[in-house]
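All values reported here derive from a predicted model rather than from experimental measurement.
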Amino acid sequence: MQPFTTLTSHIAVLNRTNVDTDQIIPKQFLKRIERTGYGRFAFFDWRYLDNGEENPQFELNQPAYKGAQILLAGENFGCGSSREHAPWALADFGFRAIIAPSFADIFYQNCLKNGILPIRVNEEVFETLLKKAEGNVYECTIDLEQQKVFDQEGFEFHFDINEHWKEMLLNGRDEIGFTLLYEEQISQFEQKAKAWG
Amino acid sequence: MKPRNIIEKIWDDHVVVREEGKPDLLYIDLHLIHEVTSPQAFEGLRQNGRKVRRPDLTFATMDHNIPTVNRFVIEDDVAKNQISALERNCQEFGITLAGLDSDDQGIVHVIGPELGLTLPGKTIVCGDSHTSTHGAFGALAFGIGTSEVEHVLATQTLWQHRPKTLQVKVTGSLSEGVTAKDVILYIIGKFGVDFGTGYVIEYSGEVIESLSMDERMTICNMSIEAGARAGLIAPDETTFNYIKGRKYAPKGEEFEKAVAYWKSLRSDPGATFDKTIEIRGEDIAPMVTWGTNPSMVLPVDHSIPTLEDARNENEAASFKRAYEYMGLEPGTNIQDIEIDYVFIGSCTNSRLTDLRAAANVIKGRKVAPNVKAIVVPGSQKVKQAAEQEGLHEIFINAGFEWRDSGCSMCLSMNNDVVPPGKRCASTSNRNFEGRQGKGARTHLVSPAMAAVAAIYGKFVDIRTEKLEAVK
């Protein structure tokens, strides 16, 4: 996994609530057996017109947002299906951090496993970011070590993340390799479990 | 000892490692896998030279993208490749597979319980959000992503934060014509699509206790549509009777020992929850979704909300998008909405009692001329059992297509797709944009409500329908 330390980028805004993973990556693209190459399918039904051209009405097609590595999204982002193809598609599309008032639980975990930093913000921070970023090329910096986000205009906020996941992201650590360090405890648990169940 | 609820008990029994500042390392008792969310996980194992730690606790089937007619003829090469990959992976890593030619095959959340793999007190995961279904047995069951699938394959564990607990009590009783599907749709309609985020739910109360296992599975299945990764129901005699004699369930003395343990899982008297919600069974009517998420739902005798009904700006914006996508005007009476398709199936409502409920409504009647209706049993076993009762004849004579088991039109990964602009009364779990096909319009309902809609070509209140049938 690619480590996440700091990131400076402009922000793309998708101000819709309850964006589900069926929208992030529609089902017709789940038949592949690879982990990569999903970026071109991200938000497929919203992003393209029937003739295959980009839909100018879709928020993320705005010129101001092109190349953004930070996504600002509405509440309950990533709800629905557990498909990890959703963060794969977002990462391949170019996003390395997502800021939203709330995330669906499975999606949040899936982001962490793919080097995408999900940042929960309160309504006040969300509204401020929305005002600054909507329709504009608005740049800010995320510092994971310090757990803060700041811009050139002096706006700054702190965010929470569990220490464990923070460390995983900072080091781009192989989680399975880490867990296998606990092999002895897992084996002991299995012996004990046999006894009661 | 402090009284604990059932969620806390199951959790505590599965903690392998608890360290300050970390999530708990949780042991997983059963890992179900299917073709769509597993290939990348197996590839990861191969790349790192890792093995499956407990193939004996892993069970595979194929359900998401398989055909429901001519099931052995998969025309889509990409889908075919995914199915072959599962077969190869199961063989290479020594995992039992209920393949297309197996009597055990079916939707992963239908066959787990059916085969007695799903048992009370187990931790169960699967790369599918509707894994919450297995909670009906008093198991802690939740959906995971593919990286977590790989993690469980390699270690049989997961790093998980201890969830908050939410008690949902449904008191009293249900009126005639009101089903488990209506109960869960009502709850999501009342409290929203994210009231369960961060929680595991325990459903309880007289209504829940009175439900069959099939109905309990319908309720737990849709916990994820309320944002909760898992929802469960305390095991009782109904649960034990269902499990007894199933293929992989404990037998004889082992079964008696297991029952004793399962009984101990019930929430202790005085156990507390982080949050409690209480609703009355009597307040629930047959429900129909009108919008593009499951909380956009109404009793069948209501009309579509107007913008004035929206609770805030965000909701108003969602309403506007939903009117447009669904091709519906605010204020329209639900019973004036005409439908083109009917789908009876999915891990929510494809079990034998679901098919019986639908067949009971359509017996001796005909599907409306403009409606295409299909029944997709949840498993090959459900299909066989239904055929033994003659249900297939009732469906076929009425004009329904009788298919092989699979996920089918719930997410339309195979050829079972609703065309753009067409409207479907569906017993599935998600009415998201494009879920049943690009531009397809989904209305979620119970099996009986789907069946009666098939006959009339529009939504009908099953309660008035019943009264007329009596006359």
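- From B:R435, atom CZ reaches atom CG of A:D20 across 8.5 Å, with rounding to the nearest 0.5 Å.
- Taking CH2 of B:W159 as the reference point, atom CH2 of A:W165 lies at 8.5 Å (rounded to 0.5 Å).
- Interface remark: B:N429 contributes no atoms to any contact with chain A (heavy atom separation under 4.5 Å).
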Next on the checklist: With salt bridge (charged side-chain N to carboxylate O under 4.0 Å, His left out) as the criterion, how do A:R35 and B:E43 come out once you've worked through the C-alpha distance, each side chain's angles and the decisive distance to 0.1 Å?
Outcome noted: CA-CA 9 Å; A:R35 233 183 183 115; B:E43 190 53 32; over 6 Å; no
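- When each of A:N18, A:N76, A:N110, A:N114 is checked for heavy-atom pairs under 4.5 Å with chain B, A:N76 comes out on top.
- The candidate with the highest count of non-hydrogen atom pairs below 4.5 Å against chain B, out of A:R16, A:Q109, A:E183, is A:R16.
- The choice from B:S295, B:P23, B:P163, B:A258 that makes the most heavy-atom pairs within less than 4.5 Å of chain A is B:P23.
- For the set B:R53, B:K122, B:H130, the count of heavy-atom pairs under 4.5 angstrom toward chain A peaks at B:R53.
- If you tally non-hydrogen atom pairs under 4.5 Å between each of B:S412, B:G145, B:G198 and chain A, the highest count goes to B:G145.
- With chain A as partner, the option from B:Q82, B:E148, B:E19 having the largest number of non-hydrogen pairs under 4.5 angstrom is B:Q82.
- No more than 12 heavy atoms of other residues, nucleotides or ligands lie within 6.0 Å of CG in B:N415, so this atom counts as exposed by the packing criterion.
- For chain B, no part of A:Q28 is nearby; none of its heavy atoms comes within less than 4.5 Å.
- B:E150 places none of its side-chain heavy atoms less than 4.5 Å from the side chain of A:E84.
- Looking at B:Q436, the atoms closer than 4.5 Å to chain A (heavy atoms on both sides) all sit in the backbone: N, CA, C or O.
- With a threshold of 4.5 angstrom between heavy atoms, A:Q23 approaches chain B through side-chain atoms but not through N, CA, C or O.
- Of all residues in residues 222-231 of chain B, those placing a non-hydrogen atom less than 4.5 angstrom from a non-hydrogen atom of chain A are B:I224, B:G227, B:R229.
- For chain B, the nearby parts of A:S187 are the backbone and the side chain; heavy atoms of each come within less than 4.5 Å.
- For A:E184, the CD atom sits in a loose shell: 12 or fewer heavy atoms of surrounding residues, nucleotides or ligands are nearer than 6.0 Å.
- Without hydrogens or angle criteria, B:E433 side chain to A:D22 main chain gives no donor-acceptor distance under 3.5 Å.
- Within the 4.5 angstrom heavy-atom criterion, only side-chain atoms of B:R430, from C-beta onward, approach chain A.
- Of the atoms belonging to B:L411, heavy atoms from both backbone and side chain fall under 4.5 Å from chain A.
- Ring planes of A:F189 and B:H14: tilted class, angle from 30 to 60°.
- The residue among A:K27, A:E75, A:E34 with the most heavy atom pairs within less than 4.5 Å of chain B is A:K27.
- Separating the CZ atom in A:R32 from the CG atom in B:N81 is a distance of 11.0 Å, to the nearest 0.5 Å.
- Once rounded to the nearest 0.5 Å, the distance linking CD of B:Q156 with CD of A:E190 reads 7.0 Å.
- Looking at B:A317, neither its backbone nor its side chain comes within 4.5 Å of chain A, counting heavy atoms on both sides.
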* Which is it for B:L25 and A:T179 under the side chain to side chain contact (heavy atoms under 4.5 Å, CB included) test, yes or no, and what are the steps along the way? -> CA-CA 9 Å; B:L25 187 64; A:T179 306; 3.9 Å; yes
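- No more than 12 heavy atoms of other residues, nucleotides or ligands lie within 6.0 Å of NZ in B:K51, so this atom counts as exposed by the packing criterion.
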(Q) Applying salt bridge (charged side-chain N to carboxylate O under 4.0 Å, His left out) to B:K22 and A:E167, what does each step give before you reach the verdict? (A) CA-CA 10 Å; B:K22 283 200 183 70; A:E167 223 235 320; over 6 Å; no
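- Looking only at heavy-atom pairs under 4.5 Å with chain B, the residue among A:F107, A:F103, A:Y108, A:W46 that has the most is A:W46.
- With a 4.5 angstrom heavy-atom cutoff, B:V17 touches chain A only via side-chain atoms.
- Among all heavy-atom pairs drawn from A:G80 and B:F432, the shortest one is CA-CE1, 3.9 Å.
- The shortest side-chain heavy-atom distance between B:H161 and A:N162 falls under the 4.5 Å cut-off.
- Note: B:Y27 OH to A:I186 CD1 = 8.0 Å, rounded to the nearest 0.5 Å.
- In this structure, OG1 in A:T17 is found 11.5 Å from CD in B:E313, a value given to the nearest 0.5 Å.
- Heavy atoms of other residues, nucleotides or ligands lying less than 6.0 angstrom from NZ of A:K132 number more than 12.
- The existence of a salt bridge linking A:D174 and B:R50 is confirmed by a sub-4.0 Å separation between a basic side-chain nitrogen and an acidic carboxylate oxygen.
- Using a 4.0 Å cut-off between charged nitrogen and carboxylate oxygen, A:R83 and B:D128 do not count as a salt-bridge pair.
- For A:F29, no part lies near chain B; criterion is any non-hydrogen pair under 4.5 Å.
- In terms of heavy-atom proximity, B:S129 sits nearest to A:S82 at N-OG, 3.4 Å.
- The contact between B:T197 and chain A is made by backbone and side chain atoms together, counting heavy-atom distances below 4.5 Å.
- Counting non-hydrogen atoms of neighbouring residues, nucleotides and ligands closer than 6.0 angstrom, the CG atom of A:D50 reaches no more than 12 such neighbours.
- Per-residue counts of heavy-atom pairs under 4.5 Å with chain A were compared for B:A85, B:S147, B:P39; the largest is that of B:S147.
- If you measure heavy-atom distances from B:V417 to chain A, you find no contacts under 4.5 Å at all.
- Residues A:I176 and B:A154 approach most closely at CG2-CB, 3.7 Å, considering heavy atoms.
- Looking only at heavy-atom pairs under 4.5 Å with chain A, the residue among B:K438, B:E315, B:H64 that has the most is B:K438.
- Contact of the A:W88 side chain with the B:Q40 side chain is registered, since non-hydrogen atoms from C-beta on lie closer than 4.5 Å.
- When heavy atoms are compared at a cutoff of 4.5 Å, B:S38 does not approach chain A at all.
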